[in-house]
Number of protein chains: 2
Amino acid sequence: MATINDVAQAAGVSISTVSYALSGKRSIAASTRQRIMRAIDELEYEPNAGARMLAGARTNILALSAPLGPDGHLPTHMRFVTSVVEAARAHDYDVLLLATDDEVSGIRRAASRSLIDGVVVMGVATTDERVPLVRRLGLPSAFIGIPPGVDDMSCIDLDFDRAGREAVTMLAEAGHTSIGVIGHPHSYVDRDTNFIRRFTHGFDDECRARGVRTATQWPEIGRTGGAQAYDLLREQLPDMTALVFHCNEPIVEGALRRISQLGLSIPGDLSVLAACASYAADELETPLSAIPLPLDEMCHSAVENALALVDSLGDPQVTLIAPTFLDRGSIAAPRPAVHPA
Amino acid sequence: MATINDVAQAAGVSISTVSYALSGKRSIAASTRQRIMRAIDELEYEPNAGARMLAGARTNILALSAPLGPDGHLPTHMRFVTSVVEAARAHDYDVLLLATDDEVSGIRRAASRSLIDGVVVMGVATTDERVPLVRRLGLPSAFIGIPPGVDDMSCIDLDFDRAGREAVTMLAEAGHTSIGVIGHPHSYVDRDTNFIRRFTHGFDDECRARGVRTATQWPEIGRTGGAQAYDLLREQLPDMTALVFHCNEPIVEGALRRISQLGLSIPGDLSVLAACASYAADELETPLSAIPLPLDEMCHSAVENALALVDSLGDPQVTLIAPTFLDRGSIAAPRPAVHPA
DNA sequence: GCGCATTATCGAAGCGCTTCGACGCATCGC
DNA sequence: GCGATGCGTCGAAGCGCTTCGATAATGCGC
């Protein structure tokens with residue numbers, strides 16, 4: 001493997017000149033730079049990662065702390081991971097994946113070994129030990145999710161509070177006054193997951209402001225849970241004319257299945273909105289109007305925020321992404337009277 | 001951050017002694033080792049990754065080349081990734097995740113930069129450019145999947161040929177003479193995916209040997225595809241008394257749904273076997289007897305094979321894991337005459 | 001009690017890079 | 001025309017580790 005020395009010799013310059021040509025930290029004559037670049041191409045030179053790290057420069061590696069609980073939704077999880085890797089690659093960064101019981105200790109290890117320049121933290125819990133850990137390590141970082149009360153670290157997330165309000169607004173303005181919600185599995189809620197709390201807060205608050213009746217079901221995990229949740233919701237809120245999903249695909253699918261079994265049409269008999277959807281809501285049995293979870297935007301911003309801190313450009317900041325709405329025709333005005341099967 | 005120098009001073013020895021105490025490559029007096037270990041604990045010393053790499057030792061990093069096609073099954077993909085990370089961690093290795101368009105160039109880059117000790121290659125295609133690349137780089141590696149005609153590199157996979165035979169054997173011995181197969185989405189088959197070919201080879205061969213009638217459907221992706229595939233299969237093979245799945249969850253779920261809609265009972269009306277199941281076949285609508293895909297075993301062996309090559313212990317080898325059978329009562333003797341709805 | 005093998009430890013070289021200070025040279029202002 | 005300035009380049013130090021002799025200390029046989 002070619003070293004910087006080989007390149008320097010081939011180009012007839014010193015190694016420091018090569019280094020500066022590569023980093024751009026000092027000016028280099030155009031002709032010299034060209035000779036160097038040609039040598040690099042010919043020799044297929046790639047800087048040695050270890051040497052670069054050791055010399056106190058970058059490692060060009062970002063850790064991704066991605067815990068996956070037993071009730072985690074694999075497809076969503078994978079989408080986040082993929083998206084972070086993609087974003088990192090766009091900045092010539094590689095990603096060290098920390099998972100399964102190593103999402104905390106791995107951060108400590110990788111940082112202590114000076115193996116990483118920063119960390120992107122996924123699956124942030126309401127009380128998350130990674131917050132104080134990362135703070136203590138002084139490691140450039142970005143959190144995907146907002147740990148409550150944190151304002152000295154970069155965090156990015158959908159504005160779930162506003163998403164909740166928007167959901168109500170969309171439906172209320174279409175004329176609905178009784179809106180059911182099928183939320184995430186109750187095991188998520190038991191953990192007091194922060195984004196759920198924020199969504200619920202905005203949603204309930206807006207309902208109150210608009211005099212909308214509402215009820216929420218936190219189902220069992222999986223499709224069956226979704227179907228059951230629909231039935232329970234119908235009991236709880238017999239005059240329900242609109243339904244909001246704030247959960248993952250399987251539950252949505254289960255509920256939609258149940259709704260179609262009951263012979264109900266969307267949006268004729270029931271208006272439906274997929275809120276904070278991490279999945280393609282247009283590929284469901286019935287395509288749903290949605291407030292999408294801007295997963296890619298979240299991941300890309302997280303990577304960029306983390307790298308900005310690596311470069312000491314600016315301070316940590318909390319970013320809330322404004323919700324958007326994608327109309328797929330699953331929302332309409334309520335029928336004067338709906339008689340469920 | 002503490003360096004080896006700090007440790008050496010604290011323990012009153014030279015840095016080489018510390019290094020040898022840590023690596024065990026030369027004998028160290030027990031008392032000295034204890035002093036060193038205490039110093040390490042007190043100083044929370046972790047060796048600098050860059051320095052270690054540069055000094056020509058290990059990087060303790062393994063790349064995972066994990067391409068995910070547009071039709072890839074996210075949950076299965078994630079299970080593989082997680083399992084590889086877990087296996088690597090068990091050997092104090094970290095994993096650099098190479099994905100989305102970087103699964104080939106990333107190997108080259110990471111290797112040229114001496115950033116990794118080896119690579120685990122997932123999602124091996126029948127003709128895979130990563131095979132010659134890795135061979136050319138001389139990089140310790142392990143392939144999850146068997147690229148055809150390769151015997152000079154470590155590969156590991158379920159013995160799909162035998163799994164195909166076993167599937168037939170299980171059902172034929174229960175008395176079935178007409179077995180339908182619902183396979184992977186046809187886009188996988190179009191790509192001439194090797195493991196499908198191997199399964200089909202074993203399956204068809206065994207059917208021929210036993211005089212069993214058979215037909216296969218390669219459905220559209222997703223649950224709907226599964227349901228359609230069942231109907232088509234029933235047309236193609238009207239006397240079918242047994243069904244084998246060789247596909248991912250959604251297709252299985254779609255087909256099971258359809259079967260239950262038709263009022264057919266398992267195994268009363270139809271015996272069903274989930275072959276090479278990467279999912280929990282006991283958590284389906286109807287729990288299915290299965291030949292599980294030994295995903296964890298595959299990933300762990302792959303990591304171990306790759307690391308054995310890093311340590312120059314033994315030569316590359318192709319490992320085929322023998323299929324096993326998990327009885328969940330979804331196979332029974334066929335009824336004398338079955339009249340499908 | 002002497003030489004010899006063995007064990008425990010040390011010093012120093014070197015891995016490939018970044019970066020600091022220095023130097024030579026052309027350019028500029030006055 | 002002379003010092004000041006800036007540009008392009010070089011040499012050397014140093015990052016923290018592994019590893020190769022070398023050396024000192026110990027135990028052994030006879």
(request) Report yes if the side chains of A/P140 and A/D117 come closer than 4.5 Å at any heavy-atom pair, otherwise no. (result) no
(message) Side chains of A/P47 and A/I4, heavy atoms from C-beta outward: is any pair under 4.5 Å?
(response)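 No, their side chains stay 4.5 Å or more apart.
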(message) Taking the nucleotide of DNA chain D with the nearest heavy atom to each, does A/V13 or A/A51 sit closer to the 5' end?
(response) A/V13
(request) With a 4.0 angstrom cut-off to heavy atoms of chain A, pull out the first and last contacting nucleotide of DNA chain D, in 5'-to-3' order. (result)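 The protein-touched segment is D/dC7 to D/dG16.
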(message) Tell me the bend of the helix from C/dG1-D/dC30 to C/dC30-D/dG1 as the angle between end helix axes, each from five pairs, rounded to the nearest 10 degrees.
(response)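 Nearest ten degrees gives 30° for this helix.
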(message) Between B/S14 and B/T17, is there a side-chain donor-acceptor contact under 3.5 Å, judged purely by atom types and distance?
(response)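 Yes - a donor-acceptor pair under 3.5 Å links their side chains.
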(message) Regarding A/T3, tell me which of base, sugar-phosphate or nothing describes its non-hydrogen contacts under 4.0 Å with the strands shown.
(response)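 Result for A/T3 = sugar-phosphate.
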(request) Map B/G12 and A/M1 onto DNA chain C by nearest heavy atom, then report which one ends up closer to the 5' terminus. (result) B/G12
(request) Give, for atom CG of B/D102 and atom CG of A/D94, the distance between the pair rounded to the nearest 0.5 Å. (result)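 Here the rounded value is 6.5 Å.
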(request) Return the residues of residues 25-42 of chain B meeting this criterion: a heavy atom under 4.0 Å from some atom of DNA chain C. Order them by number, or give none. (result) B/R26, B/S27, B/I28, B/A29, B/T32
(request) Return yes if some donor-acceptor pair links the side-chain N/O of A/S65 with the main-chain N/O of A/E103 below 3.5 Å, else return no. (result)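 Looks like yes, one N/O pair under 3.5 Å.
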(request) Nearest whole angstrom, please: distance from the P of C/dC10 to the CD of B/Q9. (result) 12 Å
